[in-house]
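Some notes on the structure that comes next.
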Amino acid sequence: MATDLDENFMRRAIALATENVRTNAGGPFAAVIVRDGEIVGEGVNTVTATNDATAHAEINALRNACRNLKTFDLSDCDLYTSCEPCPMCWAASYWARIKTIYYGNRAEDADRINFADAFLYQQLAMPRAQRIIPEHELLRAEAWESFQAWADSTTKVEY
C-alpha cells in the first residue's frame, strides 16, 4: 500500500519528467531512488541530449544512486519512476536489486505517445527466431573462455 511519502516521491519524479520536456532536455521520463525516506539518486531521460540510447531516466537515476552510495547493491532502495520501466530499465532495476518499483504511467500509455515500451515487451516474449532484429549465436565455445576465467577467478566481486 502506497503512503503519502510514496506519493511525494512519485510527484518528484513526475515534476522532473515534466521539467525535462519543458526545457527540451529529453523525453517525458524521470526517476527517483529512495533509501530510508531520503532521495539518494535522481535521473531524467537524456537520450537525445547525449546521443546515448541507454540514457533512460531509470538508468541515469540508478547510476546516480550507485555513485552517491558507492555501491552497486541498491537492495535497500525503492525506485519511483514516472513511467513503467522499459525492459532495459526493468532489468537494470533487478541487477541493482531494487526493493520496490513504483511507476506512474504504464507501458501502453507510453505507446500512445509513440514510445516503443509495449512493443519491446512483446518482442521479448517472442521466440528469438520471430523477433524483428535477427539474433545469431556465434563462437559460443570460444566465448566460454571469458566465463571460465570468471569461474576460476579468486578475486571476482560477485553481483
Check: Hey, are the side chains of I98 and L62 touching, using non-hydrogen atoms and a 4.5 Å cut-off?
Finding: yes
Checklist line | Flag side-chain contact, heavy atom, 4.5 Å: T18 against I14 | finding: yes
Margin query: Less than 4.5 Å apart, side chain to side chain, heavy atoms only: is that true for N45 and H56?
Written below: yes
Notebook entry, point to check: In terms of the angle between their ring planes, are Y102 and Y80 parallel, tilted or perpendicular, with boundaries placed at 30° and 60°?
Noted result: parallel
Notebook entry, point to check: Does A149 offer a backbone N or O that forms a donor-acceptor pair with the side chain of S153 under 3.5 Å?
Noted result: no
Check: Should we say atom CD of E38 is surrounded by more than 12 heavy atoms from elsewhere, each under 6.0 Å from it?
Finding: no
Check: Short question: side chain of N8, backbone of L5 - any donor-acceptor pair under 3.5 Å?
Finding: no
Notebook entry, point to check: Closest approach of I59 and C89, non-hydrogen atoms and distance?
Noted result: CG1-SG, 3.8 Å
Item checked: For the student: nearest non-hydrogen atoms of A17 and A30, plus distance -> N-CB, 3.3 Å
Checklist line | Between CZ on residue F29 and CZ on residue F115, distance to nearest 0.5 Å | finding: 4.0 Å
Next item on the list: First locate atom CE of M88, then atom CG of L120, and finally report the distance between them rounded to the nearest 0.5 Å.
Entry: 9.5 Å
Notebook entry, point to check: Are I39 and V44 co-members of a hydrophobic cluster defined by side-chain heavy atoms under 4.5 Å apart?
Noted result: yes
Check: SG of C83 to OH of Y103: how many Å apart, nearest 0.5 Å?
Finding: 9.5 Å
Notebook entry, point to check: Going by atom types alone, do D73 and T71 pair a side-chain donor with an acceptor below 3.5 Å?
Noted result: no
Check: Do F119 and I132 have side-chain heavy atoms sitting under 4.5 Å apart?
Finding: yes
Checklist line | Minimum side-chain heavy-atom gap E19-R22 below 4.5 Å | finding: no
Checklist line | Considering all heavy atoms, the nearest P28-I113 contact | finding: CG-CD1, 4.0 Å
Checklist line | Euclidean distance, N105 CG relative to D117 CG, rounded to 0.5 Å | finding: 10.0 Å
Checklist line | Closest non-hydrogen atom pair between E42 and R12, with its separation | finding: OE2-NE, 2.8 Å
Next item on the list: Please name the pair of heavy atoms, one in L69 and one in R35, separated by the smallest distance, quoted to 0.1 Å.
Entry: CD2-NH2, 3.4 Å
Item checked: Sidechain N-carboxylate O distance under 4.0 Å for R112, D109 -> yes
Margin query: If I compare all heavy atoms of A55 with all of N60, which pair ends up nearest, and what's the gap?
Written below: O-ND2, 3.4 Å
Check: Applying the side chain to side chain contact (heavy atoms under 4.5 Å, CB included) test to D78, which of D36, I33, T100 qualifies?
Finding: T100
Check: Heavy atoms, side chains only, cut-off 4.5 Å: are F72 and W95 in contact?
Finding: no
Margin query: Just checking R106: does its CZ atom have more than 12 heavy atoms from other residues, nucleotides or ligands closer to it than 6.0 angstrom?
Written below: no
Margin query: Within the 4.5 Å heavy-atom criterion, are R63 and T54 side-chain neighbours or not?
Written below: yes
Next item on the list: May I ask you to check whether W144 and F147 place their ring centers less than 6.0 Å from one another?
Entry: yes
Note to self: When you measure from the side chain of T81 to the backbone of E84, do you find a donor-acceptor pair of N or O atoms at a distance under 3.5 Å?
What the structure shows: no
Notebook entry, point to check: Hey, does C77 have a side-chain heavy atom less than 4.5 Å from the side chain of V40?
Noted result: yes
Next item on the list: Please say whether more than 12 non-hydrogen atoms of neighbouring residues, nucleotides or ligands are located less than 6.0 Å from CD in E145.
Entry: no
Notebook entry, point to check: Between atom CG of N20 and atom OG1 of T46, what is the distance when rounded to the nearest 0.5 Å?
Noted result: 8.0 Å
Next item on the list: For the pair R97 (side chain) and Y159 (backbone), establish whether a donor and an acceptor sit closer than 3.5 Å, ignoring hydrogens and angles.
Entry: yes
